[in-house]
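Atom set for the values below is all heavy atoms of this structure, side chains included, hydrogens, waters and symmetry mates excluded.
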Amino acid sequence: MPNWGGGAKCGACEKTVYHAEEIQCNGRSFHKTCFHCMACRKALDSTTVAAHESEIYCKVCYGRRYGPKGIGYGQGAGCLSTDTGEHLGLQFQQSPKAARSATTSNPSKFTAKFGTSEKCPRCGKSVYAAEKVMGGGKPWHKTCFRCAICGKSLESTNVTDKDGELYCKVCYAKNFGPTGIGFGGLTQQVEKKE
């Protein structure tokens with residue numbers, strides 16, 4: 001039967017696909033809205049599609065359905081398979097290398113190569129070079145470099161320190177600065193002379 005004025009039929013919905021909405025894959029045409037995985041319904045593009053005969057899948061679903069099966073086969077490069085095969089009656093033996101602890105065997109070699117990280121006085125966590133701000137002779141995280149009283153973010157121009165804590169100049173002056181007449185806060189009542 002002739003195809004009068006229409007395009008090819010969509011591989012998913014079997015309706016006419018016109019050129020403006022056409023995606024071709026594996027010799028078949030699809031609407032842009034119909035071009036999704038037949039298993040999980042995720043939208044596909046040219047980098048994520050995997051075709052099997054007349055069906056299209058995302059690479060993950062294709063691997064699950066048609067990829068290798070068994071112990072040690074993951075779903076992509078670098079994937080760790082946690083399937084032990086116990087449900088199939090297989091015994092899983094752990095290799096001596098995998099049983100070894102993941103911690104460094106010699107911490108002194110580690111610290112010699114990478115150095116020890118300094119701790120932030122505010123949160124106690126490690127401060128790395130990319131996030132380090134110095135204040136009061138100590139390293140701080142950029143997010144922890146704030147006034148201990150009002151929480152205002154500090155800079156080198158408005159920071160003061162006292163007893164290992166950081167303050168903005170305003171809070172420092174209010175709480176630790178000189179008091180009395182002429183210093184912004186009256187602490188004594190002045191008698192009036194008549």
Provide the closest heavy-atom pair for [X] versus [Y] in the form atom of the first, atom of the second, distance.
X    : Y    : value
E21  : T16  : OE2-O, 3.9 Å
H36  : R41  : CE1-NH2, 2.6 Å
R28  : G11  : NH2-CA, 3.0 Å
S153 : N158 : O-ND2, 4.1 Å
G124 : K119 : O-CD, 3.5 Å
P121 : P139 : CD-O, 3.1 Å

Cationic N near anionic O, under 4.0 Å, K132 to E118 | yes
Salt bridge present between E22 and K32 (N-O < 4.0 angstrom) = no
From [X] [atom1] over to [Y] [atom2], what is the distance, rounded to the nearest 0.5 angstrom?
X    : Y    : atom1 : atom2 : value
C40  : Y57  : SG    : OH    : 11.0 Å
Y62  : H52  : OH    : NE2   : 6.0 Å
H141 : R122 : NE2   : CZ    : 12.0 Å
E165 : Y172 : CD    : OH    : 13.0 Å
K42  : K59  : NZ    : NZ    : 11.0 Å
E131 : W140 : CD    : CH2   : 14.0 Å

Let me see the working for K15 and K9 under side chain to side chain contact (heavy atoms under 4.5 Å, CB included), right down to the final yes or no.
-> CA-CA 5 Å; K15 293 182 181 175; K9 298 293 181 190; over 6 Å; no
Not counting sequence neighbours, which residues clear salt bridge (Lys or Arg N to Asp or Glu O under 4.0 Å) with R146? List them please.
-> none
For the side chain of D161 and the backbone of Y167, is there at least one donor-acceptor N/O pair under 3.5 Å apart?
-> no
Measure from the side-chain N and O atoms of D45 to the backbone N and O of T47, and report whether any donor-acceptor pair falls under 3.5 Å.
-> yes
Neighbour count >12 (heavy atoms, 6.0 Å) for atom CZ, F176 = yes
Applying side chain to side chain donor-acceptor pair (under 3.5 Å), name anything that partners K152, two or more places apart in sequence or on another chain.
-> none
Check the hydrophobic clustering (I, L, V, M, F, W, Y; side-chain heavy atoms under 4.5 Å; chains of links allowed) and say if V170 and I149 are grouped together.
-> no
Same cluster (ILVMFWY, side-chain, under 4.5 Å), F145 and V127 = no
Can you check side chain to side chain contact (heavy atoms under 4.5 Å, CB included) on L154 and L166, steps first, answer last?
-> CA-CA 9 Å; L154 299 172; L166 299 178; 3.8 Å; yes
Check the pair K125, C120 against side chain to side chain contact (heavy atoms under 4.5 Å, CB included), reporting the backbone distance first and the verdict last.
-> CA-CA 6 Å; K125 295 181 181 176; C120 175; 5.6 Å; no
Stepwise side chain to side chain contact (heavy atoms under 4.5 Å, CB included) test for C150 and C168 | CA-CA 8 Å; C150 69; C168 66; 3.8 Å; yes
